[in-house]
Each structure stands twice: as C-alpha cells, then as structure tokens.
Amino acid sequence: MTTDVRPPGIPSRPPLAERALSERVRAVPPSGIRRFFDILATMDDVISLGVGEPDFDTPSGIVEAGIRSLRAGRTHYTSNYGTIELRRALAAHLERRYGVAYDPARELLITVGASEAVDLALRATCDPGDEVVLHEPSYVAYAPAVAFAGGDVRYVSTRLEDDFALDPAAVEAAITPRTKALFLGYPCNPTGAVLPGEVQDELAAIAVRHDLLVYADEIYDRLAYGSYRHRAMSALPGMRDRTILIGGFSKAYAMTGWRVGWLAAPAGILEGIVKVHQYGIMSAPTVAQDAALEALENGETDVERMLAEYDRRRRSFVDGLNAIGLRTFESRGAFYAFPQVSVATGLSSEAFAQALLEEERVAVVPGSAFGPSGAGHVRACYATSSEQLEEALGRIGRFVDRHRVAG
Ligand SMILES: Cc1ncc(COP(=O)(O)O)c(C=O)c1O
C-alpha cells in the first residue's frame with residue numbers, strides 16, 4: 001500500500017506508475033510486428049520473411065567510402081542539415097530523376113533514416129486535433145507518428161479486390177474541415193501497390209483543392225517493377241510547395257544499418273522541421289552520410305543489380321503463393337507479397353502467422369499490424385535468397401494443405 005505523502009489540501013491522484021506515461025503514448029498499441037520478432041529470436045532454423053530489409057549487404061564501394069571516412073577522422077558532428085556535399089548530390093539526384101529542384105542549403109535535411117523524417121514531418125507540422133488522411137494497410141509507423149504528434153488519423157482503406165488501389169474519391173470523402181494533410185506512402189509497404197499516374201494526378205488536385213499538406217514517404221521509389229515509372233509527388237504541378245518528400249538509403253542501397261535518410265520541403269517548412277531535428281538528434285551519423293554520398297554518386301549499378309534480382313524473386317514468389325491457393329496481388333513496388341490467408345485456411349492473420357512459425361518455422365507478419373484492411377492477410381518480404389524463398393514456399397504449401405478449409 002502506498003502512503004499518500006502529499007501535503008494536506010492537495011487533491012489525491014493515482015499512483016505514479018499509472019500516470020508516468022503520457023496519454024498519447026498509452027493510446028498507441030505496441031507494434032504488431034514486434035511480438036513475432038521476440039518469438040522468432042528464441043527459435044532455430046527459421047526462414048524469416050518478416051523483416052523488411054534487403055538480404056544483400058551494403059555494396060562494397062559504399063562500405064569502403066564509410067571506412068575511408070572514419071580513417072580520415074570524420075568522426076565529428078556535421079551541420080544540423082547534414083553535409084553540404086550530400087545535400088548537393090541529393091539535390092542533383094532529385095532534379096535528374098524527377099525534375100524537381102530543391103535548394104541544398106535550405107530545402108534538404110539529412111535524417112536518421114526515413115523513420116526520423118516521418119516523425120519530424122509530423123511533429124513539426126501537426127497540431128493536436130489536426131486530421132491526417134492515411135491509406136491503409138500502410139507502414140506501421142505512420143499512424144503512431146500522427147498520434148505522437150497529437151493528430152488524428154482518418155483511414156482510407158484499400159482492398160485486395162481492387163488490387164489495393166487508392167481511390168481518390170474515397171480520399172476526398174475522408175476530408176473534413178479539420179484535415180491538415182494527406183499521407184501517401186507509395187510504393188506501399190505492405191501491399192506492394194503503387195500510385196498509377198492518373199491517381200497521383202487526382203490526389204494532387206485534391207490536395208490543391210482542399211489546400212492540404214502532403215507527406216510523401218517514397219523510400220521505395222527505386223524498387224518499382226514492370227512498366228511503372230515512379231514520379232515524386234512534389235514534381236507534380238502545384239505540389240512542391242505543399243509536399244514534404246521523404247526518402248532514404250536503407251532499401252535501394254541495402255543500407256538499413258547505417259541509419260541515413262532525407263527529407264525535402266520548401267524552405268519555410270524545412271526551417272521548422274530542422275528545429276525539431278537539431279534539438280532531438282543534432283545530426284545524422286557522419287560516417288553514414290559519407291557512405292550515402294558514395295551511394296548517390298556511384299551506386300546506380302548496384303541498385304539495378306539488386307532491383308533485377310528482387311524482380312525475379314517477386315514474380316516467382318507471387319506465382320508460388322497463388323499456386324498454393326493463397327490469393328496474392330502482383331506487387332508493383334517495394335519487396336513485399338501480401339497474400340490473403342483467411343479464405344484458404346479460415347485462420348486470422350495472427351493465427352496464421354503464429355501457427356506457420358510454430359509448425360513450419362517460417363516467419364511472416366500479420367497483415368492486421370498495418371491497418372484494419374490488412375486483416376486476413378500476412379506480409380512476406382521476398383528480399384531473401386531464391387533458395388530460401390523456394391524452401392519457404394514448400395513449407396507454406398505444406399502448412400496450407402494441412403489447414404485448408406474444405407469446399
Ligand atoms: C514505408 C517505409 N518508410 C520508412 C521506413 C524506415 O526506413 P529507414 O530505415 O530509412 O528508417 C520503412 C522501413 O521499413 C518503410 O517500409
């Protein structure tokens with residue numbers, strides 16, 4: 001029993017243990033992915049399709065640049081914005097690829113991964129009570145980032161029946177007088193859907209019509225397949241001044257562990273975002289920034305080599321899942337397959353993922369972790385070797401045969 005030691009006259013209140021965490025933090029559930037990684041860490045012989053990261057190591061030229069950086073004594077802070085060399089190279093890259101110009105001195109910020117960029121964008125721009133329209137299923141960090149900033153998410157669902165296409169009319173219907181921004185994470189983790197040109201144009205027109213800010217997390221911009229050609233959201237007419245464009249090096253250059261990403265925004269907005277970054281982080285790791293510079297300057301052949309390999313795996317893995325009887329949308333971007341598991345097996349996302357892990361030692365992530373419409377699906381990352389994927393398909397096939405619903 002705790003003794004109330006507060007002076008007389010001060011009203012009593014619940015014990016600190018019940019009040020220590022802020023309401024905002026308490027309201028956000030722990031990541032649905034986390035629990036599976038904890039179970040996984042205790043098991044042997046698991047094929048993990050759970051984590052969203054390349055199986056490739058960072059290309060050697062980029063690693064060497066990191067080593068050179070350390071050897072040269074570049075072990076100090078950089079400018080809060082990041083090194084000017086990296087910002088200049090990034091500005092040139094964005095101009096060349098997407099035809100959108102950013103001033104490297106005032107409109108680009110180097111961050112600790114796209115993760116930090118997402119968090120910064122929300123914290124710097126979202127006020128309590130502001131609404132953010134977000135498609136789902138989508139990356140697990142988006143809704144919590146809105147919640148931590150004090151905002152409210154208005155979900156727009158996407159479904160397998162429509163190839164997970166985002167319907168601009170549904171986006172517009174979700175807008176209220178409190179809506180501050182649209183959040184677009186395309187190519188999409190976990191569905192692998194992309195935004196076709198005409199849909200992107202309509203979304204841009206909606207943003208302009210309703211005078212909204214747009215957060216565009218385009219970290220998978222380089223991982224796009226077939227005839228799809230990615231366009232940066234900020235490159236569309238009327239969009240540069242209202243878009244916070246986010247990207248990173250983790251996926252395309254296989255640099256997840258280096259922790260380096262970026263954010264591009266008009267100078268007036270970036271100035272505020274940099275405040276949050278400078279007080280919270282100071283600067284992204286110097287060695288990682290130097291390695292990222294090498295990636296931008298000389299990493300193109302490596303990106304294309306890895307992309308071609310993901311594309312091969314994507315086609316055979318998606319075909320393999322469909323052949324097993326798990327209906328799977330043919331992903332157009334990123335490196336995930338998002339099979340529907342509930343119809344074939346009668347199992348929920350969680351039950352499927354848990355039983356598959358226990359019975360066949362294959363780790364996937366329950367689709368429900370990515371939003372309500374992810375229920376009945378699981379996410380499997382195919383950025384792993386063809387042999388492992390082949391073996392995983394065999395195990396999943398065996399599992400589904402055992403659990404298949406009659407009829
Ligand atoms: C859509 C999306 N955005 C951002 C991130 C975070 O990437 P980074 O390693 O750059 O922080 C991920 C990682 O899985 C992601 O899938």
Side-chain angles (χ1 to χ4, degrees), residues 31-34 36-37 48-58 62 82 86 90 108-123 132 134-146 148 158 164 166 182-195 214-224 230 232-233 244-264 277 280-281 284-285 288-289 291-292 295-296 299 303 310 331-338 363-365 367 369-371 374 379-384:
S31 164
I33 295 191
R34 195 43 196 289
F36 280 85
F37 294 154
S48 179
L49 310 180
V51 193
E53 71 169 335
D55 60 319
F56 297 108
D57 292 334
T58 305
I62 301 174
L86 179 55
L90 180 60
L108 294 176
L109 172 67
I110 308 302
T111 57
V112 181
S115 301
E116 193 216 347
V118 168
D119 180 52
L120 288 179
L122 267 306
R123 281 200 292 149
V132 176
L134 171 65
H135 54 94
E136 62 85 22
S138 56
Y139 180 47
V140 289
Y142 298 153
V146 175
F148 290 147
T158 62
F164 294 108
L166 182 58
L182 303 183
F183 202 123
L184 299 171
Y186 284 94
C188 182
N189 170 7
T191 62
V194 295
L195 285 182
V214 174
Y215 310 109
D217 175 3
E218 302 185 4
I219 192 169
Y220 293 104
D221 67 334
R222 305 303 313 280
L223 305 189
H230 187 81
M233 198 67 199
I244 299 180
L245 186 67
I246 291 168
F249 297 85
S250 288
K251 314 290 175 170
Y253 300 99
M255 290 180 71
T256 46
W258 297 79
R259 310 309 304 127
V260 58
W262 54 265
L263 184 152
H277 170 78
I281 296 288
Q289 295 190 53
L296 281 183
V303 172
Y310 295 141
S331 48
R332 305 261 184 272
F335 40 42
Y336 306 102
F338 200 56
V364 294
V365 178
F370 303 91
R379 188 193 76 176
C381 174
Y382 53 78
T384 193

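Note that these values count all heavy atoms, side chains included, but never hydrogens, waters or copies made by symmetry. Since we're looking at a predicted model, the values are computed, not measured. Atoms within each ligand, like the ligands themselves, are counted from 1 in listed order.
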Does the side-chain contact (heavy atoms from CB on, under 4.5 Å) test come out yes or no for Phe56 and Tyr253, once each step is laid out? CA-CA 9 Å; Phe56 297 108; Tyr253 300 99; over 6 Å; no
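- Taking atom 13 (C) of ligand 1 as the reference point, the nearest protein heavy-atom neighbour is Lys251 NZ, 2.8 Å.
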Let's go through Glu136 and Thr158 carefully: what are the C-alpha distance in whole Å and the side-chain angles of both, what is the deciding distance for side-chain contact (heavy atoms from CB on, under 4.5 Å) to 0.1 Å, and is it a yes or a no? CA-CA 6 Å; Glu136 62 85 22; Thr158 62; over 6 Å; no
For the pair Asp217 and Leu245, evaluate side-chain contact (heavy atoms from CB on, under 4.5 Å) and give the outcome as yes or no after the intermediate values. CA-CA 6 Å; Asp217 175 3; Leu245 186 67; over 6 Å; no
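- Residues meeting the side-chain contact (heavy atoms from CB on, under 4.5 Å) test with Thr58, sequence neighbours left out: Ile62, Val63, Met255, Trp258.
- Ligand 1 places these atoms under 4.0 Å from at least one heavy atom of Arg259: 8 (P), 9 (O), 11 (O).
- Proximity annotation for atom 4 (C) of ligand 1: of Asn189, Asp217, Val112, Asp217 comes nearest, heavy atoms only.
- Shortest contact from atom 11 (O) of ligand 1 to any protein heavy atom: Ser115 OG, 2.5 Å.
- Contacts of Ala114 with ligand 1, taken as heavy-atom pairs under 4.0 Å, involve both backbone and side chain.
- At least one heavy atom of Gly113 sits under 4.0 Å from some atom of ligand 1.
- At a 4.0 Å heavy-atom cut-off, ligand 1 touches Tyr142 through the side chain alone.
- Although no hydrogens or angles enter the test, the distance criterion places a donor-acceptor pair under 3.5 Å between the side chain of Arg379 and the main chain of Gly50.
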Where do Leu263 and Leu108 land on the side-chain contact (heavy atoms from CB on, under 4.5 Å) test, with the steps shown first? CA-CA 6 Å; Leu263 184 152; Leu108 294 176; over 6 Å; no
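- When heavy-atom distances to ligand 1 are checked against a 4.0 Å cut-off, Glu53 has no atom that comes that close, whether in backbone or side chain.
- The shortest contact between atom 7 (O) of ligand 1 and any protein heavy atom is with Ile219 CD1, 3.4 Å.
- No side-chain heavy atom of Val194 sits less than 4.5 Å from a side-chain heavy atom of Tyr220.
- For ligand 1, the atoms lying closer than 4.0 Å to a non-hydrogen atom of Ser250 are 8 (P), 9 (O), 10 (O).
- Contacts between Phe249 and ligand 1, counted as non-hydrogen atom pairs separated by less than 4.0 Å, are absent for every part of the residue.
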Checking ring pair (Phe, Tyr, Trp, His ring centres under 6.0 Å) for the pair Tyr142/Phe183: CA distance, chi angles, key distance, verdict? CA-CA 8 Å; Tyr142 298 153; Phe183 202 123; 4.2 Å; yes
